Amino acid sequence: MEFRSYLIRRLFLLIPVLLGVSILIFGLLQLFPPYQRAMLYVTDPRQLSNIDEIIELYGLNAPVWQQYFTWLGQVFQGNLGWSKVVGMSVTDAIFNFLPATLELAIFSTPIIILGGIWLGTKAAAHKDGLIDHTTRAGAIVGWSLPTFWFGLVLLMIFYGYFRGLFPPERLSTAMSVLVNSASFTRYTHLNFIDGILNWEWRVVFDSLRHLVLPVITLSVVNIAFIMRLMRSSMLESLGRGYVLTARAKGLPEKQVINKHARRNAMIPVLTVSGYIFAAIVNGVVITESIFNYKGLGWWAWRTAIQLDVSSILGFALFSGVLFVLTNLVVDLLYAKFDPRVRLGGGVK
């Protein structure tokens, strides 16, 4: 019952936060003239020849508060405007490019979190030893690598030198034709999963081959960050009284580290991991652009360089809602994971 009431309170708190996000985004929208803001209300490219009518219909010269509620009403109806870059509505564009980014998140996030936790735990357990020095040096190198440079190096080696071993984009030309044919059913638009559901193992292996380089690029940098955070948190936990008590009782060192110290050390890592997942789903612009991996990041990059106002604002709204919901999930996990947290708020 306590957790349920906490959940209800957090859900109610979402309402003013989401309204605040929408007001901030709408405030930025006011920096553009009415002719550009009119793109937010276009649902068909034929309407582009009647921009003056759209301005009049949606009151884009009306008081700001009236424009806000008009725009908010359109958002609730799923109308975020027209994306000139890809020639479809912004809502359709988000749903069209989201599966590609989800694939990156699904494969990258477990590697980042589990790899970072494992390496951080090992480094802390062997403080100032060879493992600790090696992992710390690796973390410094990984965290310092520019993403665009590292991605390009991987492309030159595994696509150039090894003659297309791990190519860019999502699928090869032949597999793209197959997944868009009438014989292939698109259940989720995630190539890996749809390939399994259609029993098309060629699609499964081809999608995995195209995922290797972007997943490595994302994982190397973020594992370094998680590892350093986990190491410092583990070192703090290993110095606590309950760990010293467990050792005094004669418990095996492996049990002390994995059962007693790591559980509490994972709390800050858990918080950061949620935001890493949200950042990947939100669209990793540099990684997707380098590998021509057409996800949300690739779309956001194209819309930004062409100043596609409706697409930029739609992407910003999606990002804001995503991070607000991620914050809710992280808070709920934190309350479940840490026994010191009072569900009514605060820490013992």
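Since the model is a prediction, treat every value here as computed from it, not as a measurement.
Residues passing the side chain to side chain donor-acceptor pair (under 3.5 Å) test with S181, sequence neighbours excluded: S183. For S89, the side chain to side chain donor-acceptor pair (under 3.5 Å) partners two or more places apart in sequence, or in a different chain, are D92. Among residues two or more places apart in sequence or in another chain, the salt bridge (Lys or Arg N to Asp or Glu O under 4.0 Å) test is passed with R302 by none. Residues passing the side chain to side chain contact (heavy atoms under 4.5 Å, CB included) test with V212, sequence neighbours excluded: F166, I216. Partners of Y159 under the side chain to side chain donor-acceptor pair (under 3.5 Å) rule, at least two apart in sequence or in another chain, do not exist in this structure. For the salt bridge (Lys or Arg N to Asp or Glu O under 4.0 Å) test, no residue two or more places apart in sequence or in another chain qualifies with R228.
A single hydrophobic cluster is not seen to contain both W65 and L31; linkage of ILVMFWY side chains at heavy-atom distances under 4.5 Å, directly or through other members, places them apart. The hydrophobic clustering, which links ILVMFWY residues whose side-chain heavy atoms are closer than 4.5 Å, places I286 and Y275 apart. L114 and V269 are assigned to two separate hydrophobic clusters, defined by single-linkage of ILVMFWY side chains at heavy-atom distances under 4.5 Å. Placement of L165 and M156 within a single hydrophobic cluster is found when ILVMFWY residues are connected by side-chain heavy-atom separations under 4.5 Å, directly or transitively. Residues V75 and V64 fall within the same hydrophobic cluster, defined by Ile, Leu, Val, Met, Phe, Trp and Tyr side chains chained together at heavy-atom separations under 4.5 Å.
Closest approach of A100 and G295 over heavy atoms only: CB-CA, 3.8 Å. The minimum heavy-atom distance between T135 and A123, with the atom names listed, is OG1-CB, 3.3 Å. The two residues I257 and A125 come nearest to each other via the heavy atoms CD1-CB, 3.5 Å. Considering all non-hydrogen atoms of both residues, H189 and P99 come closest at O-CB, 3.2 Å. The two residues T326 and G274 come nearest to each other via the heavy atoms CG2-O, 3.2 Å. For the pair A278 and F323, the tightest heavy-atom approach, listed with the atom from each and the gap, is CB-CE2, 3.9 Å.
For residues 308-325, the pairs satisfying side-chain hydrogen bond (donor to acceptor under 3.5 Å, both in side chains) are S83-D308, S83-S311, N282-S319, D308-S310, D308-S311, with sequence neighbours left out. Applying the side-chain hydrogen bond (donor to acceptor under 3.5 Å, both in side chains) rule to pairs touching residues 66-75 yields S22-Y68, R37-Q67, Q74-N79, sequence neighbours excluded. Among pairs with a residue in residues 198-213, those fulfilling side-chain hydrogen bond (donor to acceptor under 3.5 Å, both in side chains) read S172-D206, E200-R202, D206-R209, at least two apart in sequence or across chains. Note on residues 101-119: pairs passing side-chain hydrogen bond (donor to acceptor under 3.5 Å, both in side chains), not counting sequence neighbours, are T101-E288, E103-R170, E103-Y293.
In this structure, F148 and I290 have side chains that are in contact, with non-hydrogen atoms separated by less than 4.5 Å. Looking only at side-chain heavy atoms (C-beta outward), L313 and L80 stay at 4.5 Å or farther from each other. Contact check for L218 versus V284: side-chain heavy atoms found under the 4.5 Å cut-off. Taking the side chain as every heavy atom from C-beta outward, D128 and R136 approach each other to under 4.5 Å. Under the 4.5 Å side-chain criterion, counting only non-hydrogen atoms from C-beta, V281 is in contact with L98. Put simply, the side chain of Y41 does not reach to within 4.5 Å of the side chain of W82, judged on heavy atoms. V272 has its side chain within reach of F225: a pair of non-hydrogen atoms, C-beta onward, lies under 4.5 Å apart. Side chains of I226 and I113 form no contact here, defined as non-hydrogen atoms less than 4.5 Å apart.
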**Study point:** side-chain contact (heavy atoms from CB on, under 4.5 Å) between M230 and M227, intermediate numbers included
**Key:** CA-CA 5 Å; M230 185 66 188; M227 192 279 286; 5.8 Å; no
Practice item. Under the side-chain contact (heavy atoms from CB on, under 4.5 Å) rule, what do F315 and V90 come out as? Steps first, then yes or no, please. Key: CA-CA 8 Å; F315 181 77; V90 172; over 6 Å; no
Point to revise | Stepwise side-chain contact (heavy atoms from CB on, under 4.5 Å) test for L322 and F318 | key: CA-CA 6 Å; L322 177 63; F318 171 81; 4.2 Å; yes
**Study point:** side-chain contact (heavy atoms from CB on, under 4.5 Å) evaluation trace for I55 with Y58
**Key:** CA-CA 6 Å; I55 293 174; Y58 292 100; over 6 Å; no
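In this pair, F97 and W299 present their aromatic rings parallel. The plane angle is below 30°, not in the 30 to 60° band.
Taken to the nearest 0.5 Å, the CD1 atom of I117 stands 11.5 Å off from the CD1 atom of I112. Note that CD1 of I193 and OG1 of T188 are 5.0 Å apart. Values are rounded to the nearest 0.5 Å. The CG atom of L14 sits 5.0 Å away from the CG atom of L328 when rounded to the nearest 0.5 Å. With rounding to the nearest 0.5 Å, the separation of CG in L18 from CD1 in I23 is 11.0 Å. Taken from CD1 in I312 to CG in L28, the straight-line distance is 11.0 Å, to the nearest 0.5 Å. For the atom pair W298 CH2 and S289 OG, the distance stands at 9.0 Å (nearest 0.5 Å).
Other residues sharing the hydrophobic cluster of F95, ordered by chain and number and joined by side-chain separations under 4.5 Å: none, the residue standing alone. Taking Ile, Leu, Val, Met, Phe, Trp and Tyr as members and joining any whose side-chain heavy atoms lie under 4.5 Å apart, directly or through other members, the hydrophobic cluster of V203 also contains L171, M175, L178, V179, F184.
Salt-bridge formation is detected for the pair R231/D132: a Lys NZ or Arg NE/NH1/NH2 atom is positioned less than 4.0 Å from an Asp or Glu carboxylate oxygen.
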